Amino acid sequence: MCGIAGWLSYRRDLTTRAETVDAMIDTLKRRGPDDSGRWIDRHAALGNRRLSVMDPQGGRQPMTAESDDGTVVLVYTGETYNFRELRGELRSRGHAFRTDGDTEVVLRGYLEWGESVVDRLNGMYAFAVWDGRTEQLHLIRDRLGVKPLFYHPTDDGVLFGSEPKAILANPLAERTVGLTGLRELFSYAKTPGLAFWEGMREVEPGTIVTVGRDGLRTRAYWSLRTLEHTDSPDATVDRVRELLDDISERQLLADVPRCTLLSGGLDSSTLTALAARRLKRDGERVRSFSVDFIGYTANFVSDGIRESPDAPYVRDLVAHCGSDHRDIVLDAKDLADPALRAEVVTAYDFPPCVGDMNASLYLLSKEVRRHSTVALSGECADEVFGGYKWMYDAGAQKADIFPWLVQGAGDETVDPFERAFTPDVEKSLGLAEYARESYRSAVAGIERAPGEDDREFTMRTVSYLHLSRFMQLLLERKDRMSMAAGLEVRVPYCDHRLVEYVYNAPWSMKTADGREKSLLRSAAADILPRSVAERVKSPYPSTQDPLYAAALRDQARDLLASPNHPVFDLVDQGLLSAAVAEKGPATTQGSRSALERALDLAAWFDAYAPTVRPY
């Protein structure tokens, strides 16, 4: 796992710009704390920060291959889980290897098959290939968009990086955010390809961006297609289990310590149980880690989203599979620390504005990194198997907006966007209409399967929206918070084979037992304790400690004491004052969100000094 960055310029001599290239690479040090490398030629510069996971001694980057026609250079981040099979095939075709990891396999695969190498890769990856033979740069991202990759076209080439900060380190990129960036940030649905910063784009999942002297072109090499599902219910469950067995075995492969992130829910518990069975064959115990808060279990109150605390179910699973387990218990004071907020914001390069869940995930990742370098996570199983409550709400299913934005019962929908900004900014953003336009664009290309009735097609649409729009928000969060701590998090439920198969399974199979995620529950029933298998979905935890909300109010009060702070060009001071003035031992979710949003935005202004154009 690494961070990559680079610069392509057909009218500049980049050998004289090494200092700028190094500055771009150095912004990614947290993603790759173990090593760095750089390759520069006249028109192309590629760099890498490395987190050593496979072949620590031999896998240095950039990797090059020389020929009479030019040099081919690769910088790569991620993991290719089928690299051993590909290496065997490439050897049979005459390729020789100097290293034992997956990076050289991808390079040699490109030499053999060109861009089509992506059709053979199973994994999470983002990489750049400079082909000196054609003087073209290829930017390539995995099918589901697990690993990020951004680019910024210039007047004579392109800048690229694993995170926006690498691009922003180049003087050709301005720190400007316009209306589209703000809309994307606050509409809670990620439009593929769009980026927060003006002039910047994100390589879409399953896409290749090629830059040459004649300009830039994109090609999608993968998309979520509608296919007829012909397997019986029993055969479908068996196939899901077969895939999970294969995926978990592949993703446990590493030359460094591994672990799982365990919540006690169906998703992470299944992966932990599968990992425990696999590692036991080698005489190992799987390590597992959970996040918790001081006093959370003893004082837990259902908030309508989370029905139960995680700890009792974690204990049941640990006892069942025998993992070597640690609870990472966090304090409200630490979660509210302004210094931590600044770290979270700079890890994102924009204000995430979703509260303590980012901070706790970052602190969890930092602690896990002290013991392991690679972690398996249950992220995205809800999108794949159908796990969210709103998926089963009739109003959410029929609304002309993303289902997770519907706030209401039955067929009633209301505006999901809480008032937070000044009246002029609120009007300019038009978030509700922007989200509806985004929704209409998202559903336009969904295909109905042969013989699929209206009910099944509605649920196919719901599934597609979650996989293509909502899941990207979660993957972005997981990547930024874990990689900021130098921890590689793998997401087995994003294996494209599993996603394709389950996406095309009828909704009736996904709810065969009258509940959410029936396919996953049935496929894992034999390896889970009953309490965990029957547990009602409970999302990632959020602290309920009133001391956290009190700390937010104190910090917001200090912010209000600086009325000329640039954050108030966006945030309504009156609304923030009302949230600060709220009485009682706890703060309502709406006021707490307003506090967190304002403080995140303020931290972002302080860290980046951006130019913001909300009109």
Side-chain angles (χ1 to χ4, degrees), residues 143-145 189-192 204-207 220-244 247 266-267 380-406 410-411 413 435-472 493-524 537:
R143 294 170 179 84
L144 275 300
K190 190 170 173 61
T191 304
E204 295 186 30
T207 298
Y221 68 89
W222 183 87
S223 61
L224 196 56
R225 295 184 300 131
T226 295
L227 302 170
E228 187 176 6
H229 186 85
T230 58
D231 288 349
S232 68
D234 287 345
T236 299
V237 171
D238 290 344
R239 178 56 179 160
V240 168
R241 176 56 178 272
E242 177 184 321
L243 284 168
L244 289 174
I247 294 165
L266 176 62
D267 314 333
C380 302
D382 290 306
E383 288 77 13
V384 175
F385 289 97
Y388 293 111
K389 282 186 175 182
W390 54 71
M391 287 178 160
Y392 300 86
D393 181 271
Q397 294 168 5
K398 298 174 184 177
D400 62 342
I401 199 168
F402 296 108
W404 53 92
L405 297 180
V406 175
D411 295 330
T413 60
R436 287 186 170 85
E437 290 178 3
S438 180
Y439 169 84
R440 288 190 284 270
S441 174
V443 300
I446 304 174
E447 298 178 349
R448 188 187 292 254
E452 192 169 58
D453 62 28
D454 289 346
R455 166 65 175 167
E456 284 288 344
F457 184 64
T458 294
M459 299 317 297
R460 176 183 294 279
T461 299
V462 169
S463 296
Y464 180 89
L465 293 173
H466 281 80
L467 290 166
S468 64
R469 296 296 195 272
F470 191 72
M471 191 167 79
Q472 288 300 308
Y493 292 112
C494 284
D495 185 290
H496 72 277
R497 299 168 300 161
L498 180 68
V499 172
E500 290 170 344
Y501 186 76
V502 177
Y503 173 67
N504 285 296
W507 189 255
S508 57
M509 290 189 187
K510 297 173 189 175
T511 56
D513 61 2
R515 296 186 55 192
E516 79 286 352
K517 293 190 285 194
S518 301
L519 276 179
L520 180 56
R521 184 175 296 102
S522 297
K537 161 70 181 176

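One is the number of the first residue; the rest follow in order along the sequence. This structure is a prediction, so every number in the text was calculated from the model and none was measured.
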Taking all non-hydrogen atoms of both residues into account, name the closest pair between L519 and A505 and its distance. CD1-CB, 4.1 Å
Answer yes or no: is there a side-chain heavy-atom contact under 4.5 Å between W222 and L144? yes
Closest approach of V462 to H466 (non-hydrogen atoms, all atoms of both residues): O-ND1, 2.8 Å
Residues in salt bridge (Lys or Arg N to Asp or Glu O under 4.0 Å) with E447, at least two apart? none
Let me confirm one number: the CG-CG distance from D382 to L266, rounded to the nearest 0.5 Å. 9.0 Å
Residues in side chain to side chain contact (heavy atoms under 4.5 Å, CB included) with D453, at least two apart? R455, E456
As an exercise, state the distance from SG of C380 to CZ of F470, rounded to the nearest 0.5 Å. 10.0 Å
Separation between CZ of R143 and SG of C494, rounded to the nearest 0.5 Å: 12.5 Å
All pairs passing salt bridge (charged side-chain N to carboxylate O under 4.0 Å, His left out) where residues 233-242 contributes a residue, at least two apart: R239-E242, R241-D245, R241-D526
Just one of D454, T226, T461 clears the side-chain contact (heavy atoms from CB on, under 4.5 Å) bar with R448, so which one? D454
With a 4.5 Å heavy-atom cut-off, do Q472 and P192 have their side chains touching? no
Give, for atom CG of L467 and atom CG of L224, the distance between the pair rounded to the nearest 0.5 Å. 6.0 Å
Residue set satisfying side chain to side chain contact (heavy atoms under 4.5 Å, CB included) with A381, at least two apart, ordered chain then number -> D267, F385, Y493, L520
What residues, two or more places apart in sequence or in another chain, satisfy salt bridge (Lys or Arg N to Asp or Glu O under 4.0 Å) together with K190? E202, E476
Rounded at 0.5 Å granularity, tell me how far CG in N504 sits from NE2 in H229. 8.5 Å
For a side chain to side chain contact (heavy atoms under 4.5 Å, CB included) check, start with the C-alpha distance between V443 and Y464, then their side-chain angles and the critical distance, and finish with the verdict. CA-CA 8 Å; V443 300; Y464 180 89; over 6 Å; no
Name all residues meeting the ring pair (Phe, Tyr, Trp, His ring centres under 6.0 Å) criterion together with F402; count only those two or more places apart in sequence or in a different chain, and write none if there are none. W404, Y439
Pairing residues for Y392 by the side-chain hydrogen bond (donor to acceptor under 3.5 Å, both in side chains) criterion, not counting sequence neighbours: none
Listing request: all salt bridge (charged side-chain N to carboxylate O under 4.0 Å, His left out) pairs with a residue in residues 496-514, at least two apart in sequence or in separate chains. D246-R497, D495-R497, D513-R521
Point-to-point distance, once rounded to the nearest 0.5 Å, from CG of D400 to CD of E437: 11.5 Å
Using modelled atom types and a 3.5 Å cut-off, is there a donor and acceptor pairing between side-chain atoms of S518 and backbone atoms of R515? yes
Please examine the side chains of L465 and P403, heavy atoms only from C-beta on, and report whether any two atoms are closer than 4.5 Å. yes
Please identify each residue that fulfils side-chain hydrogen bond (donor to acceptor under 3.5 Å, both in side chains) with W507, with sequence neighbours left out. none
Decide yes or no for T236 and Y501: does some side-chain heavy atom of the first lie under 4.5 Å from some side-chain heavy atom of the second? yes
Can you name the residues that form a side chain to side chain contact (heavy atoms under 4.5 Å, CB included) with T458, not counting sequence neighbours? Q397
What one should report as the nearest heavy-atom pair of A399 and V406 is CB-CG2, 3.6 Å
Not counting sequence neighbours, which residues clear side chain to side chain contact (heavy atoms under 4.5 Å, CB included) with A444? List them please. none
Do any pairs count as a salt bridge (charged side-chain N to carboxylate O under 4.0 Å, His left out) and have a residue in residues 459-471, sequence neighbours left out, and if so which ones? E452-R460
